[in-house]
Amino acid sequence: MPAYCGRVVEEQRGSGLTFRLGGIPVHMPWSSLLGIVIISWLWFDFFSFDPTDGTRAYVLTGAFAVLLYVTILGHELAHAVVARASGFPVSGITLWWLGGFTTFRRTVASPLRDGLIAASGPLTSLVIGVLAGLVATLSYRGNVTVYVLAYALSFSNVFLAIYNSLPGLPLDGGNVLRSVVWGITKDERRGTVVAAWGGRVVAVLVMTIPFWTAFRNGRSPDLVSVVFSVAIGFFIWQGASQALTSAAVHARVPGLSARTLSRPAVVVVADTPLAEALRRAEA
């Protein structure tokens, strides 16, 4: 569930749940319910530790899925807070079935500010994971419900922090890499191109993980892992490709001028035949 820190000015709104946190609009489209279902399905076996209580696993899995979305919201709030502190107006936060993203309007080109905004998300997820791990440790021989929920939240948030830190767009690590290259070369487009190609490399590696793991363990790849990895890899590849396209377009904008885009006009009287008007325009 990657979290993407974007620079989109207009945020698309649709049906779903919308509320505000600290004046920041938060939108959850109905499609985000698919994420809760997927998370519950992936973690159901972990919470099925009590065969004497058939409903307990469903309750714990649902509670974990909701709590995980709350921590993802915390990840995105970190982006929003740092963006505001950097002087960038925040348009809002959107939580969807693959995670979430924060939209803001960049008022000044600053690789340092962009890098700090991008890095704030994974750092927040890491802090949440460490705190949840501490709760799990303290409740290890106490409340089993608290322990399993805290352990799952710790593992998932540390995993998300590491995953989002991978050096490729559209992940947060890719935005950090873009800012570093931009700061060194003084060329934002070059930073975007480097980070976008890094995203393509990451996408390919993510898609190959289940095959490599299966080969290492001497067994066939698990279909669920393959489908999940391919879906995440495709998302990363698509975001990286969009970044490359955007960089190519922005590279051409400085070379455009009104003279090259405009067509010359010829003034004619109202009753001038069309053929004569076209002849004059050609001349």
Problem set entry | Contacts of type side-chain hydrogen bond (donor to acceptor under 3.5 Å, both in side chains), residue Ser225, not counting sequence neighbours | Asp222
For this session: Check which hydrophobic residues are tied to Trp212 through side-chain heavy-atom contacts below 4.5 Å, counting indirect links as well, and list them.
Result: none
Problem set entry | Cluster check Leu42, Leu34: I/L/V/M/F/W/Y, side chain < 4.5 angstrom | yes
Exercise. Residues in side-chain hydrogen bond (donor to acceptor under 3.5 Å, both in side chains) with Arg189, at least two apart?
Worked result: none
Exercise. Tell me, do Leu149 and Leu60 make a side-chain contact under 4.5 Å, heavy atoms counted?
Worked result: yes
Problem set entry | Counterpart residues, side-chain hydrogen bond (donor to acceptor under 3.5 Å, both in side chains), relative to Asp187 (two or more places apart) | none
Exercise. Are Ile36 and Leu67 in one and the same hydrophobic cluster, where Ile, Leu, Val, Met, Phe, Trp and Tyr link if side-chain heavy atoms are under 4.5 Å apart?
Worked result: yes
Seminar exercise, completed: Closest heavy-atom pair, Asp172 versus Pro122, reported as atoms and distance to 0.1 Å, is OD2-CD, 3.5 Å
For this session: Check which hydrophobic residues are tied to Phe234 through side-chain heavy-atom contacts below 4.5 Å, counting indirect links as well, and list them.
Result: Met207
For this session: Determine whether Thr94 and Pro29 make a side-chain contact, defined as any pair of heavy atoms from C-beta on separated by less than 4.5 Å.
Result: yes
Problem set entry | Verdict with reasoning, Leu73 to Leu21, per side chain to side chain contact (heavy atoms under 4.5 Å, CB included) | CA-CA 10 Å; Leu73 177 58; Leu21 282 177; 3.5 Å; yes
Seminar exercise, completed: CH2 of Trp182 to CD of Glu188, rounded to nearest 0.5 Å, is 4.0 Å
Problem set entry | Side-chain (Thr103) to main-chain (Gly92) donor-acceptor, under 3.5 angstrom | yes
Exercise. Do Met28 and Leu68 share a hydrophobic cluster, counting only Ile, Leu, Val, Met, Phe, Trp and Tyr and linking them when any side-chain heavy atoms are less than 4.5 Å apart?
Worked result: yes
Exercise. When rounded to the nearest 0.5 angstrom, what distance separates OG in Ser156 from OH in Tyr151?
Worked result: 10.5 Å
For this session: Evaluate the side chain to side chain donor-acceptor pair (under 3.5 Å) criterion for residues Arg105 and Ser91: first the C-alpha distance (whole Å), next the side-chain angles of each, then the deciding distance (0.1 Å), finally the verdict.
Result: CA-CA 7 Å; Arg105 182 169 57 86; Ser91 303; over 6 Å; no
Problem set entry | Minimum-distance pair of heavy atoms, taken over all atoms of Leu169 and Ala240 | O-CB, 3.5 Å
Seminar exercise, completed: Heavy-atom closest pair (Ala80 atom, Ile93 atom, distance to 0.1 Å) is CB-CD1, 4.2 Å
Problem set entry | Taking every non-hydrogen atom, the tightest pair across Gly87 and Pro89 | O-CD, 3.6 Å
Problem set entry | Ile236 side chain reached by Arg200 side chain, heavy atoms, under 4.5 Å | no
Exercise. Any sub-3.5 Å donor-acceptor pair from Thr61's side-chain atoms to Tyr58's backbone N or O?
Worked result: no
For this session: Decide yes or no for Trp237 and Val202: does some side-chain heavy atom of the first lie under 4.5 Å from some side-chain heavy atom of the second?
Result: no
For this session: Could you tell me whether Arg219 atom CZ has more than 12 heavy atoms of other residues or ligands within 6.0 Å of it?
Result: yes
Problem set entry | Partners passing side chain to side chain contact (heavy atoms under 4.5 Å, CB included) against Leu112 (at least two apart in sequence or in another chain) | Ser110, Leu116
For this session: Side-chain contact test, heavy atoms from C-beta onward, threshold under 4.5 Å: evaluate it for Thr124 versus His79 and give yes or no.
Result: no
Exercise. Which class fits the ring pair Phe235 and Trp96: parallel under 30°, tilted 30 to 60°, perpendicular over 60°?
Worked result: tilted
For this session: Look up atom CD in Glu76 and atom CD1 in Ile24, then write down how far apart they are to the nearest 0.5 Å.
Result: 10.5 Å
Seminar exercise, completed: Shortest non-hydrogen pair, Ala83 vs Ile117, comes out as CA-CD1, 3.6 Å
For this session: Give the minimum heavy-atom separation between Val135 and Ala150, together with the two atoms involved.
Result: CG1-CB, 3.8 Å
Exercise. Is any side-chain heavy atom of Arg178 less than 4.5 Å from a side-chain heavy atom of Asp114?
Worked result: yes
Exercise. Just by distance, with hydrogens left out, do Thr18 and His27 show a side-chain donor and acceptor under 3.5 Å apart?
Worked result: yes
For this session: Let me see the working for Val230 and Val227 under side chain to side chain contact (heavy atoms under 4.5 Å, CB included), right down to the final yes or no.
Result: CA-CA 5 Å; Val230 169; Val227 172; 6.0 Å; no
For this session: Flag the pair Arg113 / Val108 as yes when at least one side-chain heavy-atom distance between them is below 4.5 Å, and no otherwise.
Result: yes
Exercise. Sequence neighbours excluded, which residues qualify as side chain to side chain contact (heavy atoms under 4.5 Å, CB included) partners of Phe155?
Worked result: Trp43
Seminar exercise, completed: Value for CG (Leu123) from CD1 (Ile128), rounded to nearest 0.5 Å, stands at 11.5 Å
Exercise. Linking I/L/V/M/F/W/Y whenever any side-chain heavy atoms sit under 4.5 Å apart, do Val158 and Ile232 land together?
Worked result: no
Exercise. Does Gly129 offer a backbone N or O that forms a donor-acceptor pair with the side chain of Ser154 under 3.5 Å?
Worked result: yes
Exercise. Under the side chain to side chain contact (heavy atoms under 4.5 Å, CB included) test, which residues partner Asp45, sequence neighbours left out?
Worked result: none
Problem set entry | Close side-chain approach of Tyr69 and Ile39, heavy atoms under 4.5 Å | yes
Problem set entry | Ile72 side, atom CD1; Asn164 side, atom CG - distance, nearest 0.5 Å | 9.0 Å
Exercise. Say you draw a straight line from OG1 of Thr71 to CG of Leu77; how long is it, rounded to the nearest 0.5 Å?
Worked result: 11.5 Å
For this session: Return each pair, listed once, that meets ring-ring contact (aromatic ring centres under 6.0 Å, His included) where at least one residue sits in residues 107-141; pairs must be two or more places apart or across chains.
Result: Tyr140-Tyr147
Seminar exercise, completed: Residues passing the side-chain hydrogen bond (donor to acceptor under 3.5 Å, both in side chains) test with Thr145, sequence neighbours excluded, are Arg56
Seminar exercise, completed: Residues at least two apart in sequence or cross-chain that pass side chain to side chain contact (heavy atoms under 4.5 Å, CB included) with Gln242, listed by chain then number, are Gln238
Problem set entry | Same apolar cluster (I L V M F W Y, side chains within < 4.5 Å links), Ile38/Tyr163 | yes
Problem set entry | salt bridge (Lys or Arg N to Asp or Glu O under 4.0 Å) partners for Arg279, two or more places apart | Glu276
